[in-house]
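Please read the structure below before turning to the comments.
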Amino acid sequence: MELKVNGKTLSLDTDPDMPLLWALRDVAGLTGTKFGCGIAQCGACAVLIDGEPVRSCVTPVSSVSGEITTIEGFAAEDGTLSAVQQAWVDGQVAQCGYCQSGQMLAATALLKANPSPTDADIDDAMSGNMCRCGTYPRIRAAIHAAAKKLAGA
Amino acid sequence: MGKILRRTFLLGTAAIAGGFAVGWYMYQKPYPNPLEATPGEGVFTPFIKIASDDTVKMVIPRAEMGQGMLTTLAAMIVEELDVELASVKTEFAPAAKAYYNSAMLEEGAPFPAFDNSFVAETMRGLQGVVAKFLAMQATGGSSSTVDAFDKLREAGAAARLMLVQAAAEQWGVVAASLRTEGGKVIDPALGKSLSYGALAEAASQRKVPSDATLKPRDQWRYLGKTQPKLDIVAKVSGKTTFGIDVRLPDMLFATVRMNPRQGAAMTAMDDGPALVLPGVIKVVNLGTGFAVIASNTWTAFQAADAVKPQWAEAPYPATTDAVFGKIEQALALGEGFHMRSDGDTPAEAAGRGGTIKARYSAPYLAHACMEPMNATAQWQGDRLTIWSGNQAPTSIVQQAAAVFSIPAENVEVVSTYLGGGFGRRFETDFSILAARVAKETDGKPVQVTWTREEDMRHDMYRPGALCEAEAVLGSDGIEAVSFKTASQSVMASAFGRLEGAMTPPGPDKLIVDGLWDQPYDLPNFHVTGVPVDLAIPVGFWRSVGHSFNPFFIESFMDEIAAASKQDPLEMRLKLMAKHEPAVGVLEAVKEMSGWGTALDAAGVKTRGRGVAFCLSFGTWVAQVIQVAETNSGIRIEKVWCAADVGTALDPGNLEAQMISGIIYGLSAAMGQQITFADGAAEQGNFDNYDAMRMGQCPVIGVRILENSPKMGGAGEPGTPPSLPALANAIFAATGKRIRSLPLSGEVSFA
Ligand code: FES
Ligand code: FES
């Protein structure tokens, strides 16, 4: 099985039915994508496939043909954080941090589709991502901050 | 304070009094330092390592589960050590007695936080002595900062002094003429300096001074100010290692399925259909369930679904109705124990006014940490290593030593970051299960990951509770009031799970926490707790007894205010007028929320505000919540929160913790409950045990105050007032008084 992940082509020996989440975590060793529920309810496992957010826990690896971006592929080669990551640092968003890969993936997809989202747009785009630590207010602020920065850049 | 039954002391007066005289010497003798220096490195106290290349490493004795402790604890050391906070490295401490938590047990003393009497202080001090003997290295009870505040600053100050003395000796000058800055010892007179790294090895050989003085607050550079979290860049980069991210050479993956009727046996199992699946290595019978070991987690999950087990009956009533029937019975018939027996009971005061009564209930709740339970284990001969995100490493060591009959020295616990804890990871079960599975892998490490369903159905739940409240209302207020709560004992359940641990004697005050310990000045005030004997595993859920009793008392206070036509916020101000921190937080939310000003109902059917107060874990918190009734249900619009923590070490983190606690509480209030059918929890995943989402999240304003003379905790105190404040707001908006949690039983939420 060949997968294009973060600009590299990986060839993985997996069952075609295996969800992308587990192929990434247990076979490819990319543990930044998290397991939360396994039934498309929490968003912890979100990755981007050709820029679109996808729940990797319910996506069979055999169904994936596009370019996959995981949290490990967000920063530039030199380590410079993406605008969304930087907004997350500036706003001190993460608490335990476990849900945050999924949150940043969803936020990145939102900003790509809608460069200046309203609070209602954020509600719509982000309500599939649960955070048990309750970081929602800071996530909202960070998305607005990232939007501003991207617009200025 | 009124009478407090002497036998209600958490650890028993006999145990304390008996051990005290002989124990005092032991208490003063420090535990051995578990850290060993590598060549060229200096180890200073159990908390600081300085390498010759100037790497300064803080050894963090508590779990980092989102509460920001890693950064705050490091800041305490750095403040005195005089190095830059952003430059230090951190690692989690090994399991060792040197890292005991005394503040956690001090909170267990049977005196309310506002009682500063000699007796109360002495009792708290003795609980601290006991903590040292028990040597629990635990993160809980919102106790980390309180416990560490002096200990870690003293460690930093001692290390700094040792470095200064080493430099003075080398230069042949007096130590007092030197100063420190940015990881260097400086001689201003000679214009010379030496880095800590160059001095570390020699300095660490010196005697640890006991006379290092601590900086006064006005000289703090880090404490008292919001600090960027040391782990934030790793956390936004997917680089943080949670327990589930541990990867080791030759590691296998496994999952467990235990009897969903918790504690009962597995009577038979057909593992044939699982064993034929490619990638499955082994199915292991664990007595009360089984494990599947495979080449990856998903295969283990699939294979576990294919196994056909037979489960024995639950050791507790099989349905929610039957479980609550037992609680009901205890409430009606149980004598219970009295944590407050001040003055007249409502029955004795019956002639002095009208009586109001109310019955409240709260359901069983799961913790639902974002990261499902998991741990990794490896046996090398009779030596065991466990990697896990946990809140109590020394308990894991003790439990493993007892379960596997090996010396404690043979057990190593490597603590990782936690994807949420909330009290769930105080338990040792998931770590021990991994070690049991690892017995079957011929020395290979194995990571045991639970499905979300396994996690939710094998939790140590927040116990369900019922409360009967009664008050006599006279012409000038409350003549007498009483509360009686019946619930399972978390202490008995939790200690019952620890091999060889003695269950603390005396009644479990957690059953009535949030009732007896509130600063209401009421001369006739009675609080009774009735432990309910049920075998459902129950545990420490964010704020523990304070997660349900404040809903009972603060709802009832609202009912009293309504019945006596008083403003509920003004009534609380009057009843707590003698306690400055209480007045402070109430006045703050009054002002922040515009309490008393008219609310328009533009765009909605109606709006209302509710207030609640709770003193828990040493922190005084008032909240006002504003809701609107809309066509699609109740919408929580705004929350204002004022918290008095005494000393605010990191205001930004405190704000985040209050918000976190509020959202955790509101999630429960809105819709969470664990119900039982056929002996098993009916909820298994977020589709039927949801939490608040972004679209439901209100705007939350937090103000941190410092009027209280004592430092309080942060991780839990935000939760307790949020549930009653929401119920009270719904009452204000709609006139509907809801006495049962979750509130979704009677209203829907937008
Ligand atoms: S793990 Fe995929 S949505 Fe929860
Ligand atoms: S930061 Fe902990 S679950 Fe979101």
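So you know, we letter chains A, B, ... as the sequences are listed, proteins then strands, and number each from 1.
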Closer than 3.5 angstrom, by distance alone: can the side chain of B/Arg452 be matched with the main-chain N or O of A/Gly36 as a donor-acceptor pair?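 Checked: pair present.
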Between B/Glu655 and A/Arg138, is a side chain to side chain contact (heavy atoms under 4.5 Å, CB included) present by the stated rule, with each step listed? CA-CA 11 Å; B/Glu655 179 202 58; A/Arg138 288 192 180 189; 3.0 Å; yes
Exercise for the section: Output, in order, the C-alpha distance, side-chain angles, deciding distance and verdict of ring pair (Phe, Tyr, Trp, His ring centres under 6.0 Å) for A/Phe35 and B/Phe242. Expected result: CA-CA 11 Å; A/Phe35 166 55; B/Phe242 297 94; over 10 Å; no
Among [options], which residue forms the greatest number of heavy-atom pairs with chain A at distances under 4.5 Å?
{"options": "B/Lys239, B/Arg247, B/Met65", "answer": "B/Arg247"}
{"options": "B/Gly420, B/Pro278, B/Pro228, B/Ala234", "answer": "B/Pro228"}
{"options": "B/Gly684, B/Gly68, B/Ala656", "answer": "B/Ala656"}
{"options": "B/Thr299, B/Ile662, B/Ile244", "answer": "B/Ile244"}

* Most heavy-atom pairs under 4.5 angstrom with chain B, which of A/Gly97, A/Gly134, A/Ser101, A/Cys37? ->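 When all of A/Gly97, A/Gly134, A/Ser101, A/Cys37 are compared, A/Cys37 has the most.
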Less than 4.5 Å to any heavy atom of chain A: does that hold for the side chain of [X], its backbone, both, or neither?
{"X": "B/Leu418", "value": "backbone"}
{"X": "B/Gln227", "value": "backbone"}
{"X": "B/Ser295", "value": "neither"}
{"X": "B/Thr241", "value": "neither"}
{"X": "B/Thr240", "value": "backbone"}

Which heavy-atom pair separates [X] from [Y] by the least distance, and what is that distance?
{"X": "B/Ser237", "Y": "A/Ile71", "value": "C-CG1, 3.9 Å"}
{"X": "B/Asp687", "Y": "A/Gln41", "value": "CA-OE1, 3.7 Å"}
{"X": "A/Gln85", "Y": "B/Val236", "value": "NE2-O, 2.8 Å"}

Hey, would you say the B/Phe301 and A/Trp22 ring centroids sit under 6.0 Å apart?
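Yes: the rings meet the under 6.0 Å criterion.
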To the nearest 0.5 Å, what is the distance between [atom1] on [X] and [atom2] on [Y]?
{"X": "A/Cys42", "Y": "B/Asn685", "atom1": "SG", "atom2": "CG", "result": "8.0 Å"}
{"X": "B/Ile659", "Y": "A/Tyr136", "atom1": "CD1", "atom2": "OH", "result": "13.0 Å"}
{"X": "B/Ser660", "Y": "A/Arg132", "atom1": "OG", "atom2": "CZ", "result": "9.0 Å"}
{"X": "A/Asp26", "Y": "B/Asn296", "atom1": "CG", "atom2": "CG", "result": "5.5 Å"}
{"X": "B/Gln696", "Y": "A/Ser127", "atom1": "CD", "atom2": "OG", "result": "7.0 Å"}
{"X": "A/Gln95", "Y": "B/Met370", "atom1": "CD", "atom2": "CE", "result": "13.5 Å"}

- Which one of B/Thr297, B/Asp245, B/Thr449 satisfies the side chain to side chain donor-acceptor pair (under 3.5 Å) criterion with A/Arg25?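 Exactly one pass, corresponding to B/Asp245.
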- Using side-chain hydrogen bond (donor to acceptor under 3.5 Å, both in side chains) as the criterion, list what pairs up with A/Gln92, not counting sequence neighbours.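 For A/Gln92, no residue satisfies side-chain hydrogen bond (donor to acceptor under 3.5 Å, both in side chains) once neighbours in sequence are set aside.
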### side-chain hydrogen bond (donor to acceptor under 3.5 Å, both in side chains) involving B/Ser632 - partner list, sequence neighbours excluded
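For B/Ser632, the residues satisfying side-chain hydrogen bond (donor to acceptor under 3.5 Å, both in side chains) (neighbours in sequence not counted) are B/Thr630.
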Which atoms of [X] come close to chain B, meaning under 4.5 Å heavy atom to heavy atom: side chain ones, backbone ones, both, or neither?
{"X": "A/Val93", "answer": "backbone"}
{"X": "A/Met18", "answer": "both"}
{"X": "A/Ala94", "answer": "both"}
{"X": "A/Asn129", "answer": "backbone"}
{"X": "A/Leu81", "answer": "side chain"}

Side chain to side chain contact (heavy atoms under 4.5 Å, CB included), that's the test. Do B/Gln302 and A/Asp15 meet it? Break it down for me.
CA-CA 12 Å; B/Gln302 297 291 105; A/Asp15 187 315; over 6 Å; no
Do the side chains of A/Ile139 and B/Met694 get nearer than 4.5 Å, heavy atoms only?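 In short, these two side chains touch, coming nearer than 4.5 Å.
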(Q) Any non-hydrogen side-chain atom of B/Glu371 less than 4.5 Å from a side-chain atom of A/Cys96? (A)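 The answer is no; the side chains never approach within 4.5 Å.
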Working for side chain to side chain contact (heavy atoms under 4.5 Å, CB included), residues B/Lys229 and A/Val89
CA-CA 9 Å; B/Lys229 290 183 190 136; A/Val89 171; over 6 Å; no
* What's the verdict on salt bridge (charged side-chain N to carboxylate O under 4.0 Å, His left out) for B/Arg693 and A/Asp123, showing C-alpha distance, side-chain angles and the deciding distance? -> CA-CA 8 Å; B/Arg693 303 296 183 124; A/Asp123 288 348; over 6 Å; no
